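Just so it is clear, the values below take in all heavy atoms, side chains as well, and ignore hydrogens, waters and symmetry mates. Quick caveat: nothing in here was measured; it's all calculated off a predicted structure.
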Amino acid sequence: MAILIQLAIGLLFGLGLVIAGMSNPAKVLNFLDFAAIPAGTWDGSLAFVLMGAIAVTFVGYRLVLKAKRPMFAAKFHLPTSQELNARIMVGPAIFGIGWGLAGFCPGPAFTALASGSSAAFSFVAAMLLGMLAARWLSSREVVGRLGAQAS
């Protein structure tokens, strides 16, 4: 039953992305193009999507975290570290650059796959390769540290 509820939530999220225009890279790129403001071609409508997401998250976290445990897990998995390091700075920067260049972020890219868009397929393939590369680099980094500590 839990998997069906999660599927329904995912489908609702995807539908929201499509309705908001987040699966249309041109709309996203027009939102991110602040240089277009003087020309009048800037599309600020996604700001309302972002404000809605912030409001839902703000309220949702307060309601959900009042529970003793999540509905579909044994415990909450919240970050405990407040350390600001290079990984935390570089990862989001790469994400933002990719979003700005392609007009996709992961959720809308997966949603756009249903349209058969070659851009969406290219983006998702590149994203998955990037995830594999990051995992590989991360494992090499850990192995390198362990070897240095052993000597």
Side-chain angles (χ1 to χ4, degrees), residues 6-7 9-39 41-67 69-115 117-149:
Q6 293 170 1
L7 175 65
I9 291 169
L11 290 173
L12 181 63
F13 178 69
L15 180 63
L17 292 174
V18 170
I19 291 170
M22 293 289 292
S23 60
N24 178 357
K27 185 169 184 74
V28 174
L29 292 173
N30 284 338
F31 171 69
L32 295 173
D33 187 6
F34 293 108
I37 291 174
T41 57
W42 180 69
D43 183 355
S45 63
L46 292 184
F48 295 104
V49 176
L50 295 173
M51 288 186 288
I54 291 168
V56 168
T57 301
F58 181 81
V59 171
Y61 262 88
R62 273 148 188 77
L63 292 174
V64 168
L65 292 178
K66 286 182 181 179
R69 67 177 202 81
M71 291 176 69
F72 303 118
K75 66 176 189 165
F76 289 106
H77 297 278
L78 301 171
T80 55
S81 173
Q82 294 185 357
E83 177 188 349
L84 191 59
N85 59 32
R87 280 182 79 172
I88 292 173
M89 299 299 286
V90 173
I94 292 171
F95 174 87
I97 290 167
W99 190 33
L101 289 173
F104 281 123
C105 68
F110 279 109
T111 303
L113 289 175
S115 71
S117 162
S118 62
F121 280 99
S122 297
F123 179 85
V124 170
M127 179 181 66
L128 293 174
L129 282 172
M131 290 167 64
L132 288 171
R135 186 168 292 204
W136 179 76
L137 286 171
S138 180
S139 68
R140 287 181 49 92
E141 182 180 308
V142 170
V143 170
R145 282 189 200 152
L146 291 176
Q149 290 174 355

Take a 6.0 Å sphere around [atom1] of [X] and say whether it holds more than 12 heavy atoms from other residues, nucleotides or ligands.
X: Phe48; atom1: CZ; result: no
X: Phe34; atom1: CZ; result: yes
X: Met71; atom1: CE; result: no

What's the shortest heavy-atom distance between Ala120 and Ala109, and which atoms?
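Residues Ala120 and Ala109, closest heavy atoms: CB-O, 3.9 Å.
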What pair of heavy atoms forms the shortest contact from Ser23 to Ala112, and how long is it?
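Scanning both residues, the minimum pair turns out to be O-CB, 3.8 Å.
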Evaluate the side-chain proximity of [Y] to [X]: yes if any heavy-atom separation is below 4.5 Å, no if none is.
X: Leu113; Y: Val124; answer: yes
X: Asn30; Y: Trp42; answer: no
X: Pro106; Y: Phe95; answer: yes
X: Thr111; Y: Phe13; answer: no
X: Ser45; Y: Phe31; answer: no
X: Met127; Y: Phe110; answer: yes

List the steps, then state whether side chain to side chain contact (heavy atoms under 4.5 Å, CB included) holds for Asn85 with Ile88.
CA-CA 5 Å; Asn85 59 32; Ile88 292 173; 3.4 Å; yes
Can you tell me how far [atom2] of [Y] sits from [atom1] of [X], rounded to the nearest 0.5 angstrom?
X: Phe76; Y: Arg69; atom1: CZ; atom2: CZ; result: 9.0 Å
X: Met22; Y: Leu50; atom1: CE; atom2: CG; result: 6.5 Å
X: Ser118; Y: Phe123; atom1: OG; atom2: CZ; result: 14.0 Å
X: Ser122; Y: Phe104; atom1: OG; atom2: CZ; result: 9.0 Å
X: Asp43; Y: Ile37; atom1: CG; atom2: CD1; result: 11.0 Å
X: Leu12; Y: Ile9; atom1: CG; atom2: CD1; result: 8.0 Å

For Asp33, enumerate each residue passing the salt bridge (charged side-chain N to carboxylate O under 4.0 Å, His left out) test, keeping only those at least two apart in sequence or located in another chain.
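Residues passing salt bridge (charged side-chain N to carboxylate O under 4.0 Å, His left out) with Asp33: none at all.
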Using the side chain to side chain donor-acceptor pair (under 3.5 Å) rule, collect all pairs that involve residues 46-65, keeping only residues at least two apart or in two chains.
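Sorted result for residues 46-65: empty, none.
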